[in-house]
Novice: 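Sending over a structure as structure tokens; questions will come in a sec.
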Amino acid sequence: MAELAFSEVVNFEKLVANNAEYKTKIDPSYLPRLAEACSCILQPVDVEFKFYEDLQGLRTIEGSFNAKVRFVCQRCQKEFDKEITGSFISTCDEEKAKSLKLDEKLDIVELNEDGSFNLLSFLEDCILLEIPYITSHDEDDPECVSADGSWSFGELHEDASKNPFSALADLKDKLKK
């Protein structure tokens, strides 16, 4: 297990006061929930983030990440590699953000009673939120066996007699005659 460049739990206030900035890689062994959400984490996750006090006085964390992972395609059931990227900007000053009407532009993070903040868990949450709801190849990817345009899995047997509208169609035909 590689060493983390930062503590898993940090003092948010202290990092803001120091204008702390990090540009590092997080070993996959530190991201168990991400590992459960995909088949494999292909390489350490690149993260950049900084703590600062913005112009309105909000204590803020801002950053971005890039993760390369492997998923199982929900259409063809084959594995494929995908790059997950995203950015975040959050504050722990919920009341101040609301008073400035910035609570919809910023994510609000909660600090523990002692002012500590689980930074590693927060970063993992940000990555997990960027995973597509349905993991699949791109629509035009030739690797996907479902790329032929057929979106059904298996065979469909349509039985016209079980269609409740078939009786209405028959009645309509009879009335026309």
Side-chain angles (χ1 to χ4, degrees), residues 1-12 15 20-52 60-92 94 97 102-112 116-160 162-164:
M1 187 180 276
E3 186 84 14
L4 272 177
F6 53 88
S7 298
E8 185 174 337
V9 178
V10 298
N11 184 315
F12 201 96
L15 291 174
E21 289 188 40
Y22 293 91
K23 182 176 184 177
T24 186
K25 294 181 184 294
I26 300 175
D27 190 80
S29 60
Y30 288 104
L31 306 168
R33 293 181 295 145
L34 178 60
E36 284 181 26
C38 61
S39 301
C40 175
I41 303 172
L42 299 173
Q43 63 187 37
V45 178
D46 294 320
V47 294
E48 288 183 46
F49 54 94
K50 60 184 176 180
F51 291 85
Y52 63 94
T60 307
I61 178 174
E62 181 177 1
S64 61
F65 58 86
N66 183 339
K68 292 186 179 158
V69 296
R70 181 169 290 147
F71 291 113
V72 173
C73 177
Q74 299 297 310
R75 289 184 262 180
C76 69
Q77 302 303 309
K78 290 185 180 178
E79 289 188 336
F80 69 100
D81 298 346
K82 184 165 183 75
E83 192 170 324
I84 301 173
T85 58
S87 60
F88 53 88
I89 182 166
S90 303
T91 184
C92 62
E94 182 176 8
L102 295 174
D103 55 324
E104 291 187 21
K105 294 180 181 174
L106 299 172
D107 291 325
I108 306 296
V109 296
E110 290 186 20
L111 303 180
N112 297 330
S116 63
F117 172 64
N118 192 326
L119 180 58
L120 188 60
S121 180
F122 170 76
L123 293 171
E124 190 172 22
D125 288 344
C126 292
I127 297 167
L128 289 169
L129 287 170
E130 293 298 322
I131 294 176
Y133 184 69
I134 298 175
T135 56
S136 62
H137 288 93
D138 292 331
E139 285 188 34
D140 55 348
D141 191 341
E143 291 290 318
C144 188
V145 293
S146 292
D148 60 1
S150 170
W151 291 93
S152 62
F153 189 78
E155 293 181 27
L156 293 176
H157 301 284
E158 291 191 30
D159 187 4
K162 290 188 178 183
N163 183 350

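Values in this document were obtained by computation on a predicted structure and should not be read as measured data. Residue numbers start at 1 and run along the sequence shown. Excluded from the calculations below are hydrogen atoms, water molecules and symmetry mates; all remaining heavy atoms, backbone and side chain alike, are included.
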Novice: So which heavy atom on Lys25 is nearest to which on Pro44, and how close?
Specialist: CB-CB, 3.9 Å

Novice: Assess the residue pair Thr135 and Val72 against the criterion (side-chain contact (heavy atoms from CB on, under 4.5 Å)); give the C-alpha distance rounded to whole Å, side-chain angles, the decisive distance to 0.1 Å, and a yes or no.
Specialist: CA-CA 7 Å; Thr135 56; Val72 173; 5.7 Å; no

Novice: What residues form a salt bridge (Lys or Arg N to Asp or Glu O under 4.0 Å) with Glu62, not counting sequence neighbours?
Specialist: none

Novice: Given Ile61 and Leu15, is the side-chain contact (heavy atoms from CB on, under 4.5 Å) satisfied, shown in steps?
Specialist: CA-CA 9 Å; Ile61 178 174; Leu15 291 174; over 6 Å; no

Novice: So Val9 and Leu120, side-chain contact (heavy atoms from CB on, under 4.5 Å) or not? Walk me through it.
Specialist: CA-CA 7 Å; Val9 178; Leu120 188 60; over 6 Å; no

Novice: Please identify each residue that fulfils side chain to side chain contact (heavy atoms under 4.5 Å, CB included) with Ser87, with sequence neighbours left out.
Specialist: Ser64

Novice: Check Ile131 against Leu34 and note the closest heavy-atom contact, atom names and distance.
Specialist: CD1-CD1, 3.9 Å

Novice: For Tyr22, which residues count as a ring pair (Phe, Tyr, Trp, His ring centres under 6.0 Å) partner, sequence neighbours excluded?
Specialist: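 Partners of Tyr22 by the ring pair (Phe, Tyr, Trp, His ring centres under 6.0 Å) criterion, ordered by chain and then number, come out as Phe6, Phe49.
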
Novice: Nearest 0.5 Å, what's the CG-OG distance between Asn118 and Ser7?
Specialist: 11.0 Å

Novice: List for me each residue that meets salt bridge (Lys or Arg N to Asp or Glu O under 4.0 Å) alongside Arg33, sequence neighbours excluded, and say none if there are none.
Specialist: Glu124, Asp125

Novice: Give the ring-plane orientation class for Phe117 versus Phe122, where under 30° counts as parallel, over 60° as perpendicular and anything between as tilted.
Specialist: tilted

Novice: Could you state the interatomic distance from CD1 (Ile26) to CG (Leu119), rounded to the nearest 0.5 Å?
Specialist: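 So the CD1 of Ile26 and the CG of Leu119 are separated by 7.5 Å.
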
Novice: CG of Asn11 to CG of Leu111: how many Å apart, nearest 0.5 Å?
Specialist: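 Asn11 atom CG to Leu111 atom CG measures 8.5 Å (nearest 0.5 Å).
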
Novice: Does the side-chain contact (heavy atoms from CB on, under 4.5 Å) test come out yes or no for Val69 and Leu42, once each step is laid out?
Specialist: CA-CA 5 Å; Val69 296; Leu42 299 173; 5.6 Å; no

Novice: Could you tell me which non-hydrogen atom of Ser29 sits nearest to which non-hydrogen atom of Pro32, and how far apart they are?
Specialist: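 That closest heavy-atom pairing would be O-CD, 4.4 Å.
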
Novice: Please name the pair of heavy atoms, one in Phe88 and one in Leu123, separated by the smallest distance, quoted to 0.1 Å.
Specialist: CZ-CD2, 3.6 Å

Novice: Tell me every residue that passes side chain to side chain contact (heavy atoms under 4.5 Å, CB included) with Cys73, counting only those two or more places apart in sequence or in another chain.
Specialist: Arg75, Cys76, Phe80, Ser136, His137, Cys144

Novice: Can you name the residues that form a salt bridge (Lys or Arg N to Asp or Glu O under 4.0 Å) with Glu94, not counting sequence neighbours?
Specialist: Lys98

Novice: Can you check whether Lys82 reaches Pro132 side chain to side chain, under 4.5 Å on heavy atoms?
Specialist: yes

Novice: For a quick test of reading the model, state the closest non-hydrogen atom pair linking Ala37 to Phe71 and the distance between them.
Specialist: O-CE2, 3.6 Å

Novice: My understanding is that only residues two or more places apart in sequence, or in another chain, count here; which of them pass side chain to side chain contact (heavy atoms under 4.5 Å, CB included) with Asn66?
Specialist: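 Partners of Asn66 under the side chain to side chain contact (heavy atoms under 4.5 Å, CB included) test: Asp46, Lys68, Glu83, Thr85.
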
Novice: Would you please name every residue forming a ring pair (Phe, Tyr, Trp, His ring centres under 6.0 Å) with Phe65, sequence neighbours left out?
Specialist: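 By the ring pair (Phe, Tyr, Trp, His ring centres under 6.0 Å) rule, Phe65 matches no residue at all.
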
Novice: Quick one: side chain to side chain contact (heavy atoms under 4.5 Å, CB included) partners of Glu21, sequence neighbours excluded?
Specialist: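 Testing Glu21 for side chain to side chain contact (heavy atoms under 4.5 Å, CB included), a comparison that skips the adjacent residues, returns Lys50.
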
Novice: Can you tell me how far the CG atom of Leu106 sits from the OG atom of Ser90, to the nearest 0.5 Å?
Specialist: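 If we round to the nearest 0.5 Å, Leu106:CG and Ser90:OG are 7.5 Å apart.
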
